[in-house]
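Here the structure is laid out as structure tokens; the discussion comes afterwards.
Only heavy atoms go into these numbers, but all of them, side chains included; no hydrogens, no water, no symmetry mates. Starting from 1, each residue takes its place in the sequence as its number. Counting convention: from 1, in listed order, for ligands and their atoms alike.
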Amino acid sequence: MKICVCAKQVPDTNEVKIDPVKGTLIRTGVPSILNPDDANALEAALCLKDKYPDTKVYVVSMGPAQADYMLRECLAMGADEAVLLSDRAFGGADTCATSVSIAAGIKKIGDFDIIFGGRQAIDGDTAQVGPQVAHRLGIPVITYVEAIEEVSDKKIRVRRQLEDGYELIETALPCFLTCVKELNTPRYMSVAGIMDAYEKEITVYGREDLALTPEECGLKASPTRVFKSFTPPPKGKGEMLSGTVNEMAAELTDRLRKAHLI
Ligand SMILES: Cc1cc2nc3c(=O)[nH]c(=O)nc-3n(C[C@H](O)[C@H](O)[C@H](O)COP(=O)(O)OP(=O)(O)OC[C@H]3O[C@@H](n4cnc5c(N)ncnc54)[C@H](O)[C@@H]3O)c2cc1C
């Protein structure tokens, strides 16, 4: 089996704080990590490799040269090959342009049986890239995968997470699966894996390697633009209601109703 995992390097948003005086985001010193859902995606691929040892796992990322570090972590966890899609022309991409470059990268590497991605990235937070890549590759996509029930060389059956239950879905291979954290617990890098990861070459493809024109990637190919970004205002002070318990409950429900919260 040949498996591809789409992995994005993201700032650890748990470490991003708001400057209480300026009201801006403090990004200095914020570490970059493998996007958490992508760690679950990689773990799912590695579990299949454990089960079917002739499986080869590729990890593909689009990003700047620093994403190399995150890709080596993936290799140290057990991935076989890492490919970095990196070019100035890819900068400023929205999800549409991102999916064009990632799909072109995957096509260049070859045919895959399963492509895994995370449900969403913790920085962009759109959950759009996986389905868009699948669309561009012309293969079925199942999102929110919380369990893999059965895999054969022709099809796969998975559980798709819903708010109040799950769906059991079967699809033919090749397919794209986006993974949620309930799917598994990602393994740690092994010591031998870390040593090997630094010996391995990471293949880097730029725009020309992917046969994309400058108009087909990055900002130029992005139908959307972020024209303003800002830090949300801090929450206002709390307010104590007064009166009897019944009066306070009535006042509270009244305010929640007016705010369309109930
Ligand atoms: C309207 C809009 C405008 C934007 N404009 C800009 C801009 O001008 N400049 C800018 O720098 N960014 C911009 N972005 C952010 C950029 O689009 C996203 O970082 C990128 O497209 C990925 O989307 P996401 O983070 O929401 O990923 P999601 O769709 O939430 O990610 C889902 C999964 O897709 C895969 N994936 C996503 N991105 C990658 C990747 N790079 N490599 C490998 N796998 C990946 C991962 O498996 C991930 O778990 C914009 C986003 C939006 C919504």
Side-chain angles (χ1 to χ4, degrees), residues 3-13 16 25 27 32-45 57-71 73-74 79 81-109 112 114-137 139 141-145 175-184 186 202-207 210 212 216-230:
I3 300 180
C4 180
V5 178
C6 298
K8 185 180 182 190
Q9 190 183 40
V10 293
D12 187 350
T13 47
V16 178
L25 292 178
R27 293 171 195 270
S32 290
I33 56 167
L34 166 64
N35 180 52
D37 284 352
D38 303 356
N40 297 104
L42 177 56
E43 177 61 28
V57 176
Y58 287 71
V59 183
V60 174
S61 187
M62 186 187 103
Q66 302 90 279
D68 172 274
Y69 183 77
M70 175 273 295
L71 285 171
E73 278 184 17
C74 298
E81 303 277 343
V83 179
L84 178 61
L85 312 175
S86 197
D87 197 305
R88 275 179 178 276
F90 299 155
D94 68 0
T95 58
C96 178
T98 299
S99 68
V100 170
S101 303
I102 294 178
I106 292 174
K107 269 191 204 154
K108 174 147 177 98
I109 306 166
F112 287 98
I114 306 173
I115 303 169
F116 285 106
R119 174 196 53 173
Q120 73 189 68
I122 56 171
D123 55 349
D125 240 1
T126 66
Q128 291 176 11
V129 172
Q132 289 188 44
V133 171
H135 169 72
R136 294 185 194 290
L137 295 172
I139 59 175
V141 58
I142 305 175
T143 53
Y144 290 77
V145 172
C175 68
F176 198 117
L177 306 176
T178 82
C179 307
V180 293
K181 66 174 189 303
E182 288 76 9
L183 176 59
N184 53 39
I202 290 181
T203 308
V204 181
Y205 290 139
R207 179 185 65 74
L210 303 186
L212 293 171
E216 282 173 317
C217 33
L219 199 59
K220 285 189 184 162
S222 298
T224 55
R225 291 278 187 285
V226 176
F227 69 91
K228 186 181 174 191
S229 64
F230 55 92

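Contact annotation: for S222 versus ligand 1, there are no heavy atoms closer than 4.0 Å.
Counting protein heavy atoms only, atom 24 (P) of ligand 1 is closest to T126 OG1, 3.7 Å. At the shortest separation from atom 31 (O) of ligand 1 among protein heavy atoms lies A121 N, 3.5 Å. Annotation: atom 38 (N) of ligand 1 to nearest protein heavy atom, K8 CD, 3.4 Å. For atom 14 (N) of ligand 1, the nearest non-hydrogen atom of the protein is A93 O, 3.6 Å. Annotation: atom 4 (C) of ligand 1 to nearest protein heavy atom, V226 CG2, 3.4 Å. Of the protein's non-hydrogen atoms, the one nearest atom 41 (N) of ligand 1 is M62 O, 2.9 Å. For atom 45 (C) of ligand 1, the closest non-hydrogen atom of the protein is I102 CD1, 3.7 Å. If you check which protein heavy atom lies closest to atom 33 (C) of ligand 1, you get G118 O, 3.4 Å.
In this structure, the side chains of P131 and T143 come closer than 4.5 Å at one or more pairs of heavy atoms. Residues I142 and C175 have side chains not in contact (no heavy-atom distance under 4.5 Å, counting atoms from C-beta outward). In this structure the side chain of C6 never reaches within 4.5 angstrom of the side chain of D38, judged on heavy atoms. No side-chain heavy atom of Y58 sits under 4.5 Å from any side-chain heavy atom of T203. In this structure the side chain of I115 reaches within 4.5 angstrom of the side chain of L137, judged on heavy atoms.
Against a heavy-atom cut-off of under 4.0 Å, A7 is close to the following atoms of ligand 1: 42 (N), 43 (C), 44 (N). Applying the 4.0 Å criterion to heavy atoms of T224 picks out, from ligand 1, the atoms 1 (C), 2 (C), 3 (C). Less than 4.0 angstrom separates some heavy atom of A127 from each of these atoms of ligand 1: 28 (P), 29 (O), 30 (O). Of all the atoms in ligand 1, the ones that sit under 4.0 Å from a non-hydrogen atom of T95 are 17 (O), 21 (O), 23 (O). For ligand 1, the atoms lying closer than 4.0 Å to a non-hydrogen atom of S61 are 42 (N), 43 (C). Per-residue contacts place C6 under 4.0 angstrom from the following atoms of ligand 1 (heavy atoms of the residue considered): 44 (N), 46 (C), 47 (O). Heavy-atom proximity to N35, at under 4.0 Å, picks out these atoms of ligand 1: 49 (O). Atom numbering of ligand 1 starts at 1 in the shown order; those under 4.0 Å from a heavy atom of G124 are 24 (P), 25 (O), 26 (O).
By the 6.0 Å contact criterion, OH on Y205 is enclosed, its count of non-hydrogen atoms from other residues, nucleotides or ligands being greater than 12.
Between atom CG of residue L42 and atom CG of residue L34 there is a gap of 7.0 Å, rounded to the nearest 0.5 Å. Expressed to the nearest 0.5 Å, how far CD1 of I202 lies from OH of Y69 amounts to 12.0 Å. Between R88 atom CZ and L219 atom CG the span is 13.5 Å, to the nearest 0.5 Å. Here the CG atom belonging to L212 is positioned 9.5 Å from the CG atom belonging to L85, to the nearest 0.5 angstrom. A distance of 5.0 Å separates CG in N184 from CG in N40, rounded to the nearest 0.5 Å. We find the CG-CZ distance between D37 and F116 to be 13.5 Å, quoted to the nearest 0.5 Å.
At least one heavy atom of D123 sits less than 4.0 Å from an atom of ligand 1. For the ligand labelled ligand 1, residue G92 lies inside the 4.0 Å heavy-atom shell. Residue contacts with ligand 1 include V60, since one of its heavy atoms falls under 4.0 Å from the ligand. For A41, the closest heavy-atom approach to ligand 1 does not fall below 4.0 Å.
Among the atoms of V129, some N or O lies under 3.5 angstrom from an N or O of ligand 1. Backbone and side-chain nitrogen or oxygen atoms of Q128 are examined, and one is located within less than 3.5 angstrom of a nitrogen or oxygen of ligand 1. Here's the thing with R119: none of its N/O atoms is less than 3.5 angstrom from an N/O atom of ligand 1. For ligand 1, the polar-atom distance check against G117 finds no nitrogen or oxygen pair separated by under 3.5 Å. Checking only distances, T98 does come within under 3.5 Å of ligand 1, N or O to N or O. The shortest N/O to N/O separation between D37 and ligand 1 does not fall below 3.5 Å. Checking only distances, G63 never comes within under 3.5 Å of ligand 1, N or O to N or O.
Of all non-hydrogen atoms in V59 and A7, the two that sit nearest each other are CG1-CB, 3.6 Å.
When each of V83, V5, L71, L84 is tested with V60 by the rule side chain to side chain contact (heavy atoms under 4.5 Å, CB included), just one qualifies, namely V83.
Applying the side chain to side chain donor-acceptor pair (under 3.5 Å) definition to pairs two or more places apart or across chains, those involving residues 115-126 are K8-D123, Q120-D125.
In summary, the side chains of Q66 and S32 do not present any donor paired with an acceptor at a separation below 3.5 Å, with no hydrogens or angles considered.
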